[in-house]
*Asks:* 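Below you'll find the structure I mean.
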Amino acid sequence: MVETIQWIDGAAVLIDQTRLPLEEKYVACRTYEEMAAAIRDMIVRGAPAIGVAAAMGVALGVLQGAEFETVCETLAKTRPTAVNLFWAIDRMKRLYASLAGQPRDAICRRMVQEAQIVREEDIAICRAIGRNGVELVPAGKTVLTHCNAGALATAGYGTALGVIRAAVEAGKGIDVFADETRPFLQGARLTVWELQQDGIETTLITDNMAGHFLKSGRIGCVVVGADRIAANGDVANKVGTYSVAVLAKENGVPFYVAAPVSTLDLTLATGDRIPIEQRAAAEVTHVFGQQVAPAGTRVENPAFDVTPARYVTAIITEHGVARAPYERSLRELGKQENRQ
Ligand code: MRU
């Protein structure tokens with residue numbers, strides 16, 4: 001499987017997701033500033049992978065001897081929507097505080113070790129999500145997914161694509177439809193590439209074809225990832241997810257969200273309070289550097305949208321599958337996490 005993020009010889013090594021699928025290049029981040037830029041520029045992206053990257057970024061800052069608060073603040077300012085970023089920084093902060101008074105060498109070693117643990121745990125979590133989701137995937141049908149919630153968006157195996165991988169491994173005889181995911185094309189560039197590496201039968205469609213195929217009876221279910229899930233089950237994910245969810249409900253197709261418990265933000269009562277990242281206009285006016293809209297065109301480019309919980313059939317996590325009413329089921333999952 002593709003190595004999204006690794007710790008090698010004192011550096012965080014990332015596959016450069018801005019160059020895939022045309023080039024398979026790796027970037028080494030040796031400072032927290034380099035890691036912050038890699039997250040902002042989407043060399044590494046996807047909520048759980050951003051969390052691992054942030055943990056490694058904090059470890060790099062400690063190795064550099066940089067001011068700890070500045071390190072954490074710089075990393076926290078990179079992308080606002082994926083709560084895993086803040087979850088990972090908080091985890092590293094708590095550990096750092098607990099190490100106060102220890103020799104610098106010991107602190108550095110332990111911080112690096114923790115970042116590697118965050119990475120390893122993420123792979124195990126994705127496999128558990130896959131195991132928990134497999135029974136929900138109808139055999140012999142097509143699974144529709146949006147964006148890339150795969151190995152590239154995590155430390156490995158993926159959340160939504162983890163469910164798909166587990167269903168394939170279980171012999172369910174499924175294939176995949178990948179939305180291209182305008183404007184950044186994570187579906188076309190990353191999901192298709194990643195599934196091809198595993199020999200999983202994948203068909204690329206443009207985002208505006210989703211309704212057509214959801215109506216056709218061919219799609220057995222939709223599985224997507226999430227960047228932040230509010231206490232009531234509202235789900236922030238890549239822009240365009242909401243439209244797919246509405247079309248799925250209209251056509252009686254189950255709509256599943258696969259995400260680790262670290263993507264839950266139970267401090268937010270509803271999805272209305274989830275911060276939505278606005279990205280550069282050039283992502284919309286240009287495709288691969290080629291201008292496709294008139295110069296000076298006014299643009300909106302929200303990177304995420306919020307799907308109201310009423311469209312979500314179930315949320316698949318490493319601790320189990322949550323269903324409505326989500327206030328209760330997600331709170332239970334949160335409690336389970338705290339007990340661990
Ligand atoms: O802007 P991106 O590419 O970071 O957005 C990624 C998504 O929206 C994913 O679906 C989400 O982070 C879940 S990844 C397992």
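Numbering of ligands and ligand atoms starts at 1, following listing order. All heavy atoms count here, side chains included; hydrogens, waters and symmetry mates do not. Predicted model, so just to flag it, every value in this text is computed and none were measured.
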*Asks:* When you compare ligand 1 with G46, is there at least one nitrogen or oxygen pair between them that comes in under 3.5 angstrom?
*Replies:*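 For ligand 1, there is an N or O atom that lies under 3.5 Å from one belonging to G46.
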
*Asks:* Under 4.0 angstrom from ligand 1, any heavy atom of E277?
*Replies:* no

*Asks:* Has F184 got any heavy atom lying under 4.0 angstrom from an atom of ligand 1?
*Replies:*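 F184 does not count as a contact of ligand 1 under the 4.0 Å cut-off.
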
*Asks:* Tell me whether V112 shares a hydrophobic cluster with L75, the cluster being built from Ile, Leu, Val, Met, Phe, Trp, Tyr side chains joined at under 4.5 Å.
*Replies:*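 Yes.
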
*Asks:* Please test D234 against R273 for salt bridge (charged side-chain N to carboxylate O under 4.0 Å, His left out), starting from the C-alpha separation and ending with a verdict.
*Replies:* CA-CA 10 Å; D234 290 352; R273 299 192 38 227; over 6 Å; no

*Asks:* So does R110 pair up with E114, basic N to acidic O under 4.0 Å?
*Replies:* yes

*Asks:* Which of the atoms of ligand 1 are close to P48, meaning less than 4.0 Å from one of its heavy atoms?
*Replies:*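 Going through ligand 1 atom by atom, the ones under 4.0 Å from P48 are 14 (S), 15 (C).
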
*Asks:* Decide whether the shortest distance between a heavy atom of H146 and an atom of ligand 1 is less than 4.0 Å.
*Replies:* no

*Asks:* Report the nearest protein non-hydrogen atom to atom 14 (S) of ligand 1: residue, atom name, distance rounded to 0.1 Å.
*Replies:* A153 CB, 3.4 Å

*Asks:* Do the side chains of D207 and R182 get close enough for a salt bridge, i.e. N-O under 4.0 angstrom?
*Replies:* no

*Asks:* Should you measure from each heavy atom of Q186, which atoms of ligand 1 turn up under 4.0 Å away?
*Replies:*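 What qualifies from ligand 1 is 1 (O), 2 (P), 3 (O).
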
*Asks:* Please could you name the atoms of ligand 1 that K238 approaches to less than 4.0 Å, counting only its heavy atoms?
*Replies:*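 Contacts of ligand 1 toward K238, numbered from 1: 1 (O), 2 (P), 5 (O), 8 (O).
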
*Asks:* So for ligand 1, is T159 a polar contact partner (N or O within less than 3.5 Å, distance only)?
*Replies:*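 It does not: no N or O of T159 is found under 3.5 Å from an N or O of ligand 1.
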
*Asks:* Quick one: does ligand 1 sit under 4.0 Å from the side chain of A226, the backbone, both or neither, non-hydrogen atoms only?
*Replies:*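 Only the backbone of A226 comes within reach of ligand 1.
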
*Asks:* Heavy atoms, side chains only, cut-off 4.5 Å: are T4 and Q17 in contact?
*Replies:* yes

*Asks:* What atoms of ligand 1 come within less than 4.0 Å of a heavy atom belonging to A149?
*Replies:* 14 (S), 15 (C)

*Asks:* Considering only protein heavy atoms, which is closest to atom 12 (O) of ligand 1, and at what distance to one decimal place?
*Replies:* A47 N, 2.8 Å

*Asks:* Answer yes or no: is there a side-chain heavy-atom contact under 4.5 Å between T31 and L60?
*Replies:*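 No - every pair of side-chain heavy atoms lies 4.5 Å or more apart.
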
*Asks:* What atoms of ligand 1 come within less than 4.0 Å of a heavy atom belonging to M42?
*Replies:*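 Answer for ligand 1: 1 (O), 2 (P), 3 (O).
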
*Asks:* So is there a nitrogen or oxygen of G225 less than 3.5 Å from a nitrogen or oxygen in ligand 1?
*Replies:* no

*Asks:* Among all the protein's non-hydrogen atoms, which is closest to atom 10 (O) of ligand 1, and how far away is it?
*Replies:* N237 OD1, 2.6 Å

*Asks:* Indicate whether the side chain of T181 and that of D179 have a donor and an acceptor atom separated by less than 3.5 Å.
*Replies:*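 No pair is found: no donor N or O on one side chain lies under 3.5 Å from an acceptor on the other.
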
*Asks:* Which residue supplies the protein heavy atom nearest to atom 7 (C) of ligand 1, what is that atom called, and how far is it?
*Replies:*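 The protein heavy atom lying closest is D227 OD1, 3.3 Å.
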
*Asks:* Should the ring pair F68 and Y96 be called parallel, tilted or perpendicular, given that the plane angle runs from 0 to 90° and is split at 30 and 60?
*Replies:*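 Answer is parallel, since the angle falls under 30°.
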
*Asks:* Is A82 near ligand 1, meaning one of its heavy atoms is under 4.0 Å from it?
*Replies:* no

*Asks:* Any N/O of R45 closer than 3.5 Å to an N/O of ligand 1?
*Replies:* yes

*Asks:* Quick check on R104: does its CZ atom have over 12 non-hydrogen neighbours (other residues, nucleotides or ligands) under 6.0 Å away?
*Replies:*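 Correct, the count exceeds 12.
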
*Asks:* Considering only heavy atoms from C-beta outward, does the side chain of E201 approach that of I174 to under 4.5 Å?
*Replies:* no

*Asks:* Closer than 4.0 angstrom: is that true for some heavy atom of C147 and an atom of ligand 1?
*Replies:*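 Heavy atoms of C147 do come under 4.0 Å of ligand 1.
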
*Asks:* For R79, counting its heavy atoms only, list the atoms of ligand 1 lying under 4.0 Å from any of them.
*Replies:* 1 (O), 2 (P), 4 (O)

*Asks:* Do E180 and V192 have side chains that get closer than 4.5 Å, going by heavy atoms?
*Replies:* no

*Asks:* Any side-chain heavy-atom pair from L99 and I107 closer than 4.5 angstrom?
*Replies:*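 A side-chain contact exists here, since the closest heavy-atom pair is under 4.5 Å.
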
